[in-house]
Amino acid sequence: MVSGFYVTTPIYYVNAEPHLGHAYTTIVGDALSRWHRLLGDDVMYLTGTDEHGLKIRQAADAAGQTPQAFCDTIAPKFADAWTRLNITNDDFIRTTEPRHYAAVKELLQRCYDAGDIELDTYSGKYCVACEEYFTDEELLDGSVCPIHKRPVDHFEEENYFFRLSRFQDRLLKWYDEHPGVIKPEFRGNEALGLIRGGLRDFSVSRTSLDWGIPLPWDERHVAYVWFDALTNYLSATGFGDPSVDYTNRWPVDYHLIGKDIIRHHCVYWPAMLMSAGVDLPKGWAVGGWLLVDGEKMAKSTGNVVNPLDLIDVVGVDGFRYYVLAETSYGSDGDFSFEGLVGRYNSDLANNLGNLAARVATVVGKKCGGVGPAPRSDSPLAEAAATAVAGAISGWDAVAPSRALDATWGLIKATNAYLEINEPWKSEPGAEVDTVMGDALEALRIITILASPAVPQTSELIWQRLGISGSVTDQRIPSDVEWGGYTGGAPVEKGTPLFPRIVS
RNA sequence: GGCGGCGUAGCUCAGUAGGUCAGAGCAUCCGGCUCAUAAUCGGAAGGUCAUCGGUUCGAUCCCGAUCGCCGCUACCA
């Protein structure tokens with residue numbers, strides 16, 4: 001039986017264009033999805049855009065457009081960026097789509113019917129110029145808008161509130177019964193800390209806003225951010241559509257999120273689902289931030305990195321490999337141009353690319369250009385098994401850097417194996433054939449294991465090895481067992497896969 | 001203020017119910033090789049595992065204190 005695997009990224013707010021942070025999470029999700037396809041899972045990888053709210057309304061007004069027209073110009077920039085980064089999302093959800101409206105209304109109605117959404121008064125300090133509420137901490141001297149430097153007004157607004165406060169015990173009990181659902185573990189502890197610290201009801205609607213989804217029972221209000229944004233994960237499963245069984249996909253296997261949105265995804269969201277009688281997610285994988293030269297990327301510091309600029313330097317696979325291998329998912333990573341080029345040269349050009357080149361050359365010179373079969377008892381077989389095991393456990397833990405490190409271990413072992421045997425010194429014959437057959441088999445396994453990170457290059461190596469089919473048709477573990485390569489096909493050298501970058 | 005985390009080779013980081021646990025990669029140096037994208041292979045060097053105490057036969061790993069750094073502290077995706 002084929003098992004399903006459903007993974008999501010946060011939906012990205014369309015008030016800015018795609019940047020490195022978006023790309024980071026999206027690449028991790030893509031690599032994870034590709035890995036699970038290799039495992040034979042029926043994968044659904046979802047990403048999308050968040051298009052409602054005041055800031056979009058304001059940005060649209062400033063651009064002299066309707067909000068919908070404004071979103072229609074930005075959302076494709078995300079979709080296009082993911083295409084260029086070779087992201088294989090199976091769906092792209094936009095919160096302005098009818099299916100999303102249906103899902104949000106369904107979820108809201110369920111929580112309302114359960115008695116967990118009630119009308120109440122939201123009061124707060126409000127800056128008329130910003131059209132925004134502020135907390136005391138955000139204000140200067142407790143009463144002055146930090147942006148406009150003018151006193152704020154005390155405003156009250158009727159809002160519907162979600163009674164999050166009722167869910168503290170239920171959430172704690174659920175997390176207690178489901179250890180390890182949040183990875184890495186220390187992020188799970190942070191979520192528990194947030195819950196233990198006490199939960200306050202939060203408002204789920206606004207009357208002061210019109211760019212949003214109307215509440216099904218009271219159209220004067222539109223849904224405020226949480227019920228709108230978080231629900232996207234259900235929308236894409238068909239939740240809210242009576243003709244579809246959304247449980248074919250739900251519950252989700254992993255929500256990939258940033259550490260800054262733990263509260264919303266690991267506290268609000270499960271409580272909302274509990275209230276609505278919807279199963280809770282099977283897992284969350286929390287990532288850190290990708291800092292830029294040690295600092296948080298921000299417009300104000302002028303260090304916003306556009307990922308699409310980088311692929312001109314190191315290629316799509318070079319960029320993908322870098323963000324996956326260089327950072328330990330869960331902790332903050334540090335992006336630097338030097339690091340990018342360093343990783344590219346050492347791991348891709350010198351190791352993977354060079355190995356493929358030297359193997360192809362020796363096969364050409366000593367084996368007549370046709371790949372010989374490996375031996376079953378090769379010393380490399382054990383290294384291969386170690387790499388496979390390491391890759392499996394790494395991806396299973398949503399730790400791409402560990403999975404890739406294990407994979408690169410086999411590259412290193414193969415290079416060492418060639419040095420020991422020095423096939424280039426021998427005359428053509430059985431001895432050389434054996435060595436090169438082993439190297440080709442190792443390269444075949446490496447190519448499969450590396451393919452979630454460097455899909456384009458993997459496919460190219462696959463073709464040059466002369467193996468039929470495609471890398472994406474391979475299955476783990478059956479196709480990464482030693483001996484799968486039978487030889488007999490021409491091996492093509494081709495141009496360097498990753499030309500060294502000399503600065 | 002409260003809660004939590006971090007501080008291990010030049011750099012990025014692993015690590016341990018406390019006893020070959022002092023590790024990896026990159027960078028550096030020496031040597032080999034020359035099939036390969038001046039790539040690769042072997043070796044060396046490099047750390048009192050932040051500081052000071054305590055527990056213990058024994059602590060990088062446990063406890064306390066100190067110094068330094070960083071998150072979160074509730075309606076912003």
Side-chain angles (χ1 to χ4, degrees), chain A residues 10-16 21-22 49-56 95 122 124 132-135 137-138 159 161-162 164-165 186-187 189-206 224-226 228-230 257-265 267-268 288-289 296 325-328 331-334 336 338-339 342-343 345-366 401-402 405 408-409 411-426 432 435-436 439 493 495-502:
Chain A
I11 47 173
Y12 305 119
Y13 208 49
V14 292
N15 66 342
H22 300 127
T49 44
D50 183 10
E51 309 188 357
H52 287 131
L54 180 65
K55 288 183 181 173
I56 301 303
T95 58
Y122 181 86
E132 231 176 316
Y133 285 99
F134 288 93
T135 61
E137 291 77 24
E138 291 169 331
N159 282 175
F161 278 75
F162 180 75
L164 182 68
S165 55
F186 73 95
R187 295 297 183 195
N189 293 336
E190 285 187 20
L192 287 178
L194 292 173
I195 298 168
R196 292 200 188 97
L199 301 178
R200 185 181 296 180
D201 298 339
F202 60 89
S203 70
V204 301
S205 74
R206 287 290 142 96
Y224 189 58
V225 55
W226 313 121
D228 188 340
L230 291 165
I257 61 172
K259 65 179 186 179
D260 50 331
I261 52 178
I262 288 177
R263 176 188 305 282
H264 316 121
H265 282 75
V267 183
Y268 290 12
W289 284 324
K296 188 180 176 186
E326 184 73 8
T327 66
S328 172
S331 306
D332 287 349
D334 189 20
S336 71
E338 296 70 27
R343 273 280 179 183
N345 277 338
S346 72
D347 292 4
L348 297 178
N350 295 351
N351 287 333
L352 177 56
N354 184 56
L355 175 64
R358 69 192 305 206
V359 167
T361 300
V362 178
V363 168
K365 289 185 177 176
K366 303 290 184 179
S401 62
R402 274 168 43 197
D405 192 53
W408 257 249
I411 296 176
K412 189 174 177 60
T414 306
N415 270 323
Y417 180 72
L418 291 173
E419 292 294 326
I420 291 169
N421 290 285
E422 300 182 305
W424 46 86
K425 284 186 174 175
S426 309
V432 173
V435 171
M436 296 319 294
K493 181 175 181 186
T495 56
L497 298 166
F498 300 102
R500 260 184 82 82
I501 296 171
V502 269

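Naming: A, B, ... by sequence-line order, numbering from 1 per chain. No experiment lies behind these values; they were computed from the predicted model shown.
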Identify, with sequence neighbours excluded, every residue that meets side chain to side chain contact (heavy atoms under 4.5 Å, CB included) alongside A:Asn354.
A:Arg358
Name all residues meeting the ring pair (Phe, Tyr, Trp, His ring centres under 6.0 Å) criterion together with A:Trp424; count only those two or more places apart in sequence or in a different chain, and write none if there are none.
none
Starting from Watson-Crick (N1-N3 plus N6-O4 or O6-N4) and G-U wobble pairs under 3.5 Å, report the runs of at least three that RNA chain B belongs to.
B:1-7 with B:67-73, B:10-13 with B:23-26, B:28-32 with B:40-44, B:50-54 with B:62-66
Let me spell it out: for each of A:Val359 and A:Ala416, pick the nucleotide of RNA chain B with the closest heavy atom. Which residue's pick is nearer the 5' end?
A:Val359
May I ask you to decide if the ring planes of A:Phe202 and A:Tyr268 are parallel, tilted or perpendicular, using 30° and 60° as cut-offs?
parallel
Between B:C21 and B:U60 - C1' atom distance, rounded Å:
8 Å
Contact class for A:Leu199 (heavy atom, under 4.0 Å): base, sugar-phosphate, or nothing?
base
Listed nucleotide nearest any side-chain atom of A:Lys412, set B:G25, B:A77, B:A74
B:G25
Identify, with sequence neighbours excluded, every residue that meets side chain to side chain contact (heavy atoms under 4.5 Å, CB included) alongside A:Asp405.
none
Has A:Asn415 got a side-chain N or O lying under 4.0 Å from the OP1 or OP2 atom of B:A39?
no
Quick one: ring pair (Phe, Tyr, Trp, His ring centres under 6.0 Å) partners of A:Phe498, sequence neighbours excluded?
A:Tyr344
Minimum heavy-atom distance between A:Leu497 and A:Gly353, given as atom pair plus value:
CD1-CA, 4.1 Å
Which part of the nucleic acid, if any, lies within reach of A:Asn351 when heavy atoms closer than 4.0 Å are counted: base, sugar-phosphate only, or nothing?
sugar-phosphate
Run the side chain to side chain donor-acceptor pair (under 3.5 Å) test against A:Tyr417 and tell me which residues pass, sequence neighbours left out.
A:Arg375, A:Asp438
Checking B:A39, B:C76, B:A36 against the side chain of A:Lys55 (C-beta onward), the nearest is B:C76
Could you go through nucleotides 29-32 of chain B and list every protein N or O atom that sits under 3.5 Å from one of its N or O atoms, giving the distance for each pair?
unit_1, atom_1, unit_2, atom_2, d
B:G32, N2, A:Glu419, OE1, 3.1

With sequence neighbours excluded, tell me which residues meet side chain to side chain donor-acceptor pair (under 3.5 Å) with A:Ser401.
none
Examine B:C35: is either OP1 or OP2 under 4.0 Å from a nitrogen or oxygen in the side chain of A:Lys425? Give yes or no.
no
Among B:A77, B:U73, B:A36, the one nearest any side-chain atom of A:Asn354 is B:A36
Those residues at least two apart in sequence (or on a different chain) that pass side chain to side chain contact (heavy atoms under 4.5 Å, CB included) with A:Ile261 are A:Pro10, A:Ile257, A:His264, A:His265
Candidates B:C35, B:U40, B:U37 - which lies nearest the side chain of A:Lys365:
B:C35
With no angle test and no hydrogens, is the base of B:C75 tied to the side chain of A:Ser203 by a donor-acceptor pair under 3.5 Å?
yes
Once side chain to side chain contact (heavy atoms under 4.5 Å, CB included) is applied, do any residues pair with A:Asn159, and if so which ones, sequence neighbours excluded?
A:Tyr122, A:Glu157, A:Phe161, A:Ser203, A:Ser205, A:Arg206
Nearest to the side chain of A:Ala349 - B:A77, B:C75, B:U37?
B:U37
Categorize A:Tyr268 for me: base, sugar-phosphate, or nothing, with a 4.0 angstrom heavy-atom threshold over every strand shown.
sugar-phosphate
Looking only at side-chain atoms of A:Lys493, point me to the closest of B:C75, B:A36, B:C33.
B:A36
Among B:A77, B:C33, B:A36, the one nearest A:Trp424 by side-chain distance:
B:C33
Does A:Arg500 have any side chain to side chain donor-acceptor pair (under 3.5 Å) partners at least two apart in sequence or in another chain, and if so, which?
A:Asn350
Below 4.0 Å: OP1/OP2 of B:C76 and any side-chain N or O of A:Tyr224:
yes
Encode nucleotides 2-11 of chain B as B, S and - characters from 5' to 3', where the letter depends on protein heavy atoms closer than 4.0 Å: B to the base, S only to sugar-phosphate, - to neither.
----------
Search all heavy atoms of A:Leu418 against all heavy atoms of A:Met436 and return the closest pair with its distance.
CD2-SD, 4.1 Å
5'-most contact on RNA chain B (nearest-nucleotide basis), A:Leu194 vs A:Trp226, goes to A:Leu194
